[in-house]
Amino acid sequence: MLARQRGRCRLPRPESCRVLDLAITAFTLVLLAAGLRRPFLWVLAYLYIDILLPQKISWSLLASLPISLIAFVLAFLGWLVLDAKEDSRFTLRQTLIVVLLVYCGITTTMADFPEPALEKWSWVWKSLVFAVFLPLTLRTRLRIESAVLVMVLTAGAIIISGGIKTLGGGGGYGTLRLFVADNAGLYEGSTLSMVAVAMIPLVWWAARHSTIFPRDWRTTLFAIALTFACLLIPIGTQTRTGLLCIGLLAVLSLRSVKRRFLYITMAAVVALAAIPLLPESYTKRMSTIENHKADQSASTRVAVWMWTLDYAKHNPFGGGFDAYRGNKIKVEMRDVEGSGNNVSVDVNEAYDESRAYHSSYFEMLGEQGWPGLALWLWLHALGLWQMERIRRRWGKRTGPDTGWQAPLANALQQAQLVYLTGSLFVGIAFQPFIFMLIGLQCGLWSYLKRIDAPSRPAAIRRAPVLRTEAA
C-alpha cells in the first residue's frame, strides 16, 4: 500500500512523490514556455503530454489544469499564426482521417449508448485531428527527427520504469506498477507491450541516423539498454500480445539485416537461454496460446467476435462507440485431460455480457460498421504501401543527406506491422500513439515528395520579333 493515498504517484515514499511531481511539473512548464521562442516546441510538448500523461502522475498543479488541451491549442495556434506554411502539403491519408473523423462524429450522434460514446469521442476526435495536423508541421528533417525522438524517449520513460520493476520481480498480469495506476493510454498492459516492441525499430533508427545526439558508443549503449527494456515489458505485463509482436518483429528484421544466418543463430541462442529465466507464471500464461478453448479470456474474445459479426449483419453502419455494451454471450471452455484412447473432455459453460471487443478490427466493425472498418484498413494499407515506396526509391541512393530516409520508412513500416498484428487481440483502433505514427508517416511522405519533385525548367526567353509593315 502506498504511504500517501492522496497522490497519484505509485512510489512508496511521499518525498519521492514530491520530487517526481516537481520535476514533471517544472519540465512541462519549461517546455511550454520554450514554445514562445520556437512555436514547434508546442507540437513536441503535446506529443510528450499525450504519451506520458503527466497530469495523471502529478497531484498538484498539473492535475488541476487541462494541460493536454492547452498544449493542443498552443500547437495549432503557433502553427497557424507564427509558422511558415509554404512547404505544408495535405496528403490523401490526411483526407482519409478527416473522412473517418466526420464518420465517427455521425455514428456518435446515433450511438446505442450515448453517454459512453460521448466519453470516448472526447479523446478520439483530438487524436484524429492531431494526426491530420502533425504532418503540416513536419517541414524539415530536423522536425521529423525531433518528433521521433520525443515519442521514443517519452514512451521510453514508461518502458524503462516497467523494465526495472520487471527485473526486480514486480511484474505480473495486470499488476506491473507504472507511473499511472489506471489503464489510460499506454499504461494498459497489452497496449504497452505492443508499443514497446513496435518502438524498437525507431530506437535504432534514432541511434544510427539522428543528428540531434552524437552517434557514438553512449548512444549505442542507451539504444541497447532501451531495447532490452522494451523486450522486458511483455514479460513484466505477461501479455500474449507482446510475445506475438516480438516474434513478428524478429521475422521482419530478417529483411534488413546483413548477416541473416548469424542473426537467426544469435536469436535462437538468446531465446533458448532466456526460457529457463522466465517466471513460471509467464510460461503458464503463454501456454494458453496453443489451447485457447481451455482459457476463459481467449474463449470470451472469440465469443465476442462472433457476436460482433452477427451484430454487423443487422447494423452495417455500426452502433457507435462502446456498442459492445449491448452484447450477451455464452462461453464454452473445453478442458482436455489424458492422451491416446484415454481422453476426457470436460465442457464448462459460462454466460457474460458487456464484454469489450479485444480486437481493433472487431472494434471498428462493431462501432463504425463496414464503412468505418474499410476506411481504417485503407488508411493503414496505404501507409504500408507508401513506406515501401520510400524504402525502394531511397534505399539505393548515394550522396549527401540520402542515408536516413529509407531506414526511417522501414522502421515506421515495421512499427505499423507490429501494431496491426498486436491490434488483432487488443481494442486500440484509435490509440493516440499509433495515430502519431501515422502522422509521422504522412509527414515523411509529404516531405520527401516535395524535395524529390523535379524542378521546373526556367521559362525560355524568346527574342522579340520585329514586325515591318508591308510596303
Side-chain angles (χ1 to χ4, degrees), residues 96-132 174 182-191 194 239 241 292 296-332 349-381 419-435 438:
L96 291 177
I97 298 174
V98 172
V99 175
L100 182 61
L101 173 67
V102 174
Y103 183 80
C104 290
I106 294 173
T107 60
T108 301
T109 62
M110 301 180 294
D112 293 349
F113 299 90
E115 291 186 7
L118 285 174
E119 183 178 352
K120 184 172 180 179
W121 169 254
S122 66
W123 61 265
V124 167
W125 75 264
K126 191 168 58 174
S127 175
L128 296 178
V129 169
F130 190 78
V132 175
D182 57 24
N183 288 332
L186 296 189
Y187 293 96
E188 193 276 325
S190 296
T191 305
M194 182 275 300
T239 55
T241 303
H292 72 275
Q296 183 175 357
S297 175
S299 299
T300 302
R301 294 185 185 194
V302 174
V304 171
W305 296 346
M306 294 300 102
W307 175 87
T308 306
L309 288 173
D310 184 69
Y311 179 83
K313 292 179 182 178
H314 303 90
N315 301 272
F317 296 99
F321 293 127
D322 282 9
Y324 71 86
R325 295 175 181 271
N327 63 41
K328 296 180 180 180
I329 57 177
K330 180 178 73 171
V331 182
E332 291 187 356
E349 292 185 354
Y351 294 88
D352 208 340
E353 61 182 17
S354 300
R355 291 302 298 262
Y357 300 102
H358 288 290
S359 171
S360 297
Y361 301 84
F362 287 96
E363 176 188 2
M364 289 300 302
L365 179 60
E367 294 183 347
Q368 311 305 326
W370 294 106
L373 177 61
L375 279 171
W376 188 77
L377 291 175
W378 187 10
L379 178 66
H380 285 286
Y419 161 72
L420 291 174
T421 300
S423 62
L424 285 167
F425 310 102
V426 189
I428 47 174
F430 296 99
Q431 221 292 324
F433 188 88
I434 303 306
F435 274 92
I438 292 176

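In this chain, residues are counted from 1 in sequence order. All of these numbers come straight from a predicted model, not from anything done at the bench.
- In this structure, Gly320 and Ala111 approach most closely via the heavy-atom pair CA-CB, 4.0 Å.
- Interatomic distance, Leu101 CG to Leu375 CG, rounded to the nearest 0.5 Å: 11.5 Å.
- By the ring pair (Phe, Tyr, Trp, His ring centres under 6.0 Å) test, Phe435 pairs with no residue at all, sequence neighbours left out.
- Here the side chain of Tyr357 pairs no donor or acceptor atom with the backbone of Leu365 at under 3.5 angstrom.
- The minimum heavy-atom distance between Ala429 and Trp376, with the atom names listed, is O-NE1, 3.2 Å.
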* Stepwise side chain to side chain contact (heavy atoms under 4.5 Å, CB included) test for Thr241 and His358 -> CA-CA 11 Å; Thr241 303; His358 288 290; over 6 Å; no
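- Across all their heavy atoms, Asp322 and Pro116 have their closest contact at OD2-CB, 3.5 Å.
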* **Test side chain to side chain contact (heavy atoms under 4.5 Å, CB included) applied to Thr421 and Met194, step by step** => CA-CA 9 Å; Thr421 300; Met194 182 275 300; over 6 Å; no
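- Atom CZ of Phe113 is surrounded by more than 12 heavy atoms from other residues, nucleotides or ligands within 6.0 Å.
- With rounding to the nearest 0.5 Å, the separation of CZ in Phe433 from CD1 in Ile428 is 11.0 Å.
- Between the CZ atom in Arg301 and the OG1 atom in Thr308 there is a gap of 13.0 Å [rounded to 0.5 Å].
- A side-chain donor-acceptor contact under 3.5 Å links Asn327 to the backbone of Arg355.
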* To do: Carefully, step by step, assess Leu96 and Trp378 under the rule side chain to side chain contact (heavy atoms under 4.5 Å, CB included).
  => CA-CA 8 Å; Leu96 291 177; Trp378 187 10; 3.5 Å; yes
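- Interatomic distance, CH2 of Trp370 versus NZ of Lys313, reported as 9.5 Å (0.5 Å rounding).
- Taking the six-membered ring for Trp, Tyr324 and Trp307 have ring centres at least 6.0 Å apart.
- We find the SG-CD1 distance between Cys104 and Ile97 to be 11.5 Å, quoted to the nearest 0.5 Å.
- Minimum heavy-atom separation, Gly366 to Tyr311: O-CE2, 3.6 Å.
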* **Steps toward side chain to side chain contact (heavy atoms under 4.5 Å, CB included) verdict (Leu100, Met364)** => CA-CA 11 Å; Leu100 182 61; Met364 289 300 302; 4.2 Å; yes
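- Under a cut-off of 6.0 angstrom, the local environment of CH2 in Trp123 is crowded, with over 12 non-hydrogen atoms contributed by other residues, nucleotides or ligands.
- Within the 3.5 Å criterion, the main-chain N or O of Leu424 finds a donor-acceptor partner in the side chain of Ser359.
- Sorted by first and then second residue, the pairs that involve residues 361-372 and meet salt bridge (Lys or Arg N to Asp or Glu O under 4.0 Å), not counting sequence neighbours, are Lys120-Glu363, Lys120-Glu367.
- Nearest approach of Leu420 to Ser423, heavy atoms of both residues: O-OG, 3.1 Å.
- We find the OG1-CZ distance between Thr107 and Phe321 to be 5.5 Å, quoted to the nearest 0.5 Å.
- At least one donor-acceptor pair closer than 3.5 Å links the side chain of Ser360 to the backbone N or O of Val426.
- The shortest non-hydrogen separation linking Ser190 to Thr239 is OG-CG2, 3.5 Å.
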